Amino acid sequence: MDSGTTCTSGGPLATNADQSYFHDEYATIKLSPAESTTSSPWTMNARVYLESSSTLKSAIPLAGVERTHTQFSDNILKLISRYSLRKLLIRVGDVASTSITDKHDIIHNDVEQLLREERARGPSGTSVLASFVEADIEGNHYISKSNLQSKNDYQYKYASLLRYLLDNNLFPPCGAPLDSVRVRKHGHSTIVLTPKNETTKKSNIVEVESFLAADAATFCNPGIHALLSKGAKAGEGGWGAAANNGACHPSENWGLFDSLFSSTLATSSSSALSDLLLRSSLDSVLPSSQESQTNKRHSIWIDLDVSDSCYSSELGSEDDVCMIRITRGASYQIGLPSPSFENTDKGEQKHVLNLSLGDLILGSKREGSKAWYPCPLSDSSRVSLYTPTGFTNKIAAGTGFINNDANGSTDGEKLEFNALDWEDGFFDLSAQWIQMYQNDQASNDGNSSLFGISRTVQRPLGLSSIGTLVSVFRYDQIASQHHSASVQVEAFDVLPGALIKPKMHTLRMILYEGGGAGKDRFIPPLNTNECSSNQYSSLRCSEVKLSDLPKHNLLLKSDGTWLIDRTVMLNPDSSLWMLVDFDEAYLPFQKFPADANRGIDAFPSRAKFSFETAVPITLYSSSLLLLPPVPDMSMPFNVISLSCTLWAFVLGSLMNILVKRATESVKSEFTGEKEKRPIDKLKEKLKEKVDRLKCVLFRKQAKTNAAVSTDESAEVDAKKSNMK
């Protein structure tokens, strides 16, 4: 739609010839065979990608845009103007994208689908990537690299950005412990990078990325509502309302997400998007015969892309326009119903799978959602269905199938449908969409992954002892049998100095080639000298130094964290192993999380694989859960108790002395008695002692005199008796 019309619930409101608004909706469904069951020799799983993209183009720069006359809300334009954003990518996922197995898009160079899958990939947890443009909009002066702000300033700016998103309902509130980013504790560090060779003609770009652990990746309804929904009332909703998606229709049943996952249907146990993301759908996903244990990620994302022209004081040519694009997306996997045994069009008895659009997007056991109403304002609203080879597909009528032949039959290819061609402007989710049955000779592409990344920790002496960090990047030969060219790998690793003490002099890289070195289950020999043995006859291994790489960069942060950025070329069926020894680190008790014995999550490894496609493939390893030496947390209590007891004794005695002296002072004031000198007190005590001694002597003398008088009287009496 290039009409430049601003819409509200009441219809067209204003027209601005300098602006144009576009809206596109995409639903991509990839079918993959699953393992056979007792009731059927084959069944299917579906990987679903849902995206809604809104684009605003302006012939005037961002600084001159009148916010009241744009399809985007003030929150978006204020966000871009305040923080000078070039790109903002918010992703929430349950597991990391550690490998890629689907080769169809790479072989056919399907750029749109590759970009869609690139946005869906990411680390486990919540990750936020922000690209800041260093530019002075008013003076059109762009700061040079020598005058760039310090990294601490970018960290504060990044934390302010997250707070702005949260305050304006543009960030998942239930999955975002922002204190972990601002205070930089619990291992959730913020990485600030200046990409090399990515400086545009007009500005410098600084990328800031943070990672919040898997426990922060909560697919809760408020979080989904903030990222995807437009809200049922004015002032509600998150990015959907900010992009003004479907604002001409007050009904919440218009548009991709609001039609399929209406907020009024949130109590539906199977159809709600949160249930699908949390894998609580009643549809069971069987193990896939092609994907093995890979591609199990469920995720939602927001991608805000701003052109450099939006930060210019004026635009030059007609093609130089300010463009702002907001893409909302979700990806998940569901299980499809089992095929039934019936007759085909050729009169053969086979297992046939009849699928509706609701089966492909929401699963067979859905509730609530009845139809998909594509937004009439969309420039495009399409459904792409990828079916595996070796299956015959019968397309139903009225589905908007593009380039449909006379019989409506296809075999193993990409099928596209135009939702804007649906009769009455909607499609019943329970209506027949496609019929599939397996051919006599079905092909199998294998279950090998094309690219892969992993990161592990080896601690042979215990969970909290010294150890070795191992990062692996691999390129499989079997999966890339259609291509024999080498691939460029841009690898990035973070060695957290706050959790461990990396010993960089022990850094070593070993390149393994041949002998299945590119497989995900490849186990290298313990010693590189064993590569030439009979057991590893076809395996070649060699040590690689940093100086041998095309590019490398080592950066030491103030907290002892090492950032390792390197570029390496990998041939088919090869893998690069990087090993770094480390010592244990003793953390202060205030840096331990509440559940210290759980461990602390470390930043995952990241690798960008540049292949024969226009879109590089970025993969993330699973985050490491490092357990530093945890002290006995009862010891602080014991120390505090003993210290308090000692202080209570000292302070109590001191208070007793002070109170007693004060009492004596008050008494002398009221009675008029002078306080006796110490010498006087001593004299009184000596006098008392002398008096007591005199009393004792007097008593003894009295007793002696009484005894003498008694004896004399007895002698007198004796004489008298003798005289008689």
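Source: prediction; values computed, not measured.
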Would you please say whether a donor-acceptor pair under 3.5 Å links the side chains of Q113 and S384?
-> no
Nearest-0.5 Å distance that lies between atom OG in S378 and atom CZ in F22 = 12.5 Å
Donor-acceptor pair, side chain of S53 and main chain of T327, under 3.5 angstrom = no
Side-chain donor/acceptor of S299 to backbone N/O of A120, under 3.5 Å | yes
Checking R297 side chain against V95 main chain: does a donor-acceptor pair fall under 3.5 Å?
-> yes
L570 and L511, any side-chain heavy atoms less than 4.5 Å apart = yes
Y332 side chain to I361 main-chain N or O, any donor-acceptor pair under 3.5 Å?
-> yes
D476 side chain to L450 backbone, donor-acceptor under 3.5 Å = no
Atom CZ in R606, atom OG in S97: separation rounded to 0.5 Å?
-> 13.5 Å
Establish, for the pair R474 and F522, whether the NZ or CZ atom is under 6.0 angstrom from the six-membered ring centre and no further than 45 degrees off its axis.
-> no
Could you tell me whether the side chain of N393 and the main chain of M436 form a donor-acceptor pair under 3.5 Å?
-> no
Verify whether one side chain among E25 and S381 offers a donor that lies under 3.5 Å from an acceptor in the other.
-> yes
Are the side chain of D421 and the backbone of G400 linked by a donor-acceptor contact shorter than 3.5 Å?
-> no
Between E118 and T618, a side-chain donor and acceptor under 3.5 Å | yes
What closest approach, in Å, do T43 and L336 show between heavy atoms, and which atom pair accounts for it?
-> OG1-O, 3.9 Å
Expected output: side-chain W577 to main-chain S471 donor-acceptor under 3.5 Å | no
So F427 and W433, would you call those rings parallel, tilted or perpendicular, with 30° and 60° as cut-offs?
-> perpendicular
Among R119, R47, E51, which one satisfies side chain to side chain donor-acceptor pair (under 3.5 Å) with S331?
-> R47
Less than 4.5 Å apart, any side-chain heavy atom of F417 and any of I434?
-> no
CG of D428 to CH2 of W422, rounded to nearest 0.5 Å, is 10.5 Å
Verify, without hydrogens or angle tests, whether S127 (side chain) and F211 (backbone) share a donor-acceptor contact under 3.5 angstrom.
-> no
Taking atom types as modelled and ignoring hydrogens, do the side chains of S380 and D24 form a donor-acceptor contact shorter than 3.5 angstrom?
-> yes
Step-by-step side chain to side chain contact (heavy atoms under 4.5 Å, CB included) determination, L31 to F391 = CA-CA 11 Å; L31 303 182; F391 289 84; over 6 Å; no
From Y620, F609, F473, residue fulfilling ring-ring contact (aromatic ring centres under 6.0 Å, His included) relative to F451 | F609
Donor-acceptor contact present, side-chain S605 to main-chain S621, <3.5 Å = no
Euclidean distance, I300 CD1 relative to F257 CZ, rounded to 0.5 Å = 9.0 Å
Is K30 salt-bridged to E117, cutoff N-O under 4.0 Å?
-> yes
Is K87 salt-bridged to D303, cutoff N-O under 4.0 Å?
-> yes
One should read off an interatomic distance between L129 CG and L88 CG, to the nearest 0.5 angstrom, of 8.0 Å
Going from CD on E416 to OH on Y386, what distance comes out if it is rounded to the nearest 0.5 angstrom?
-> 7.5 Å
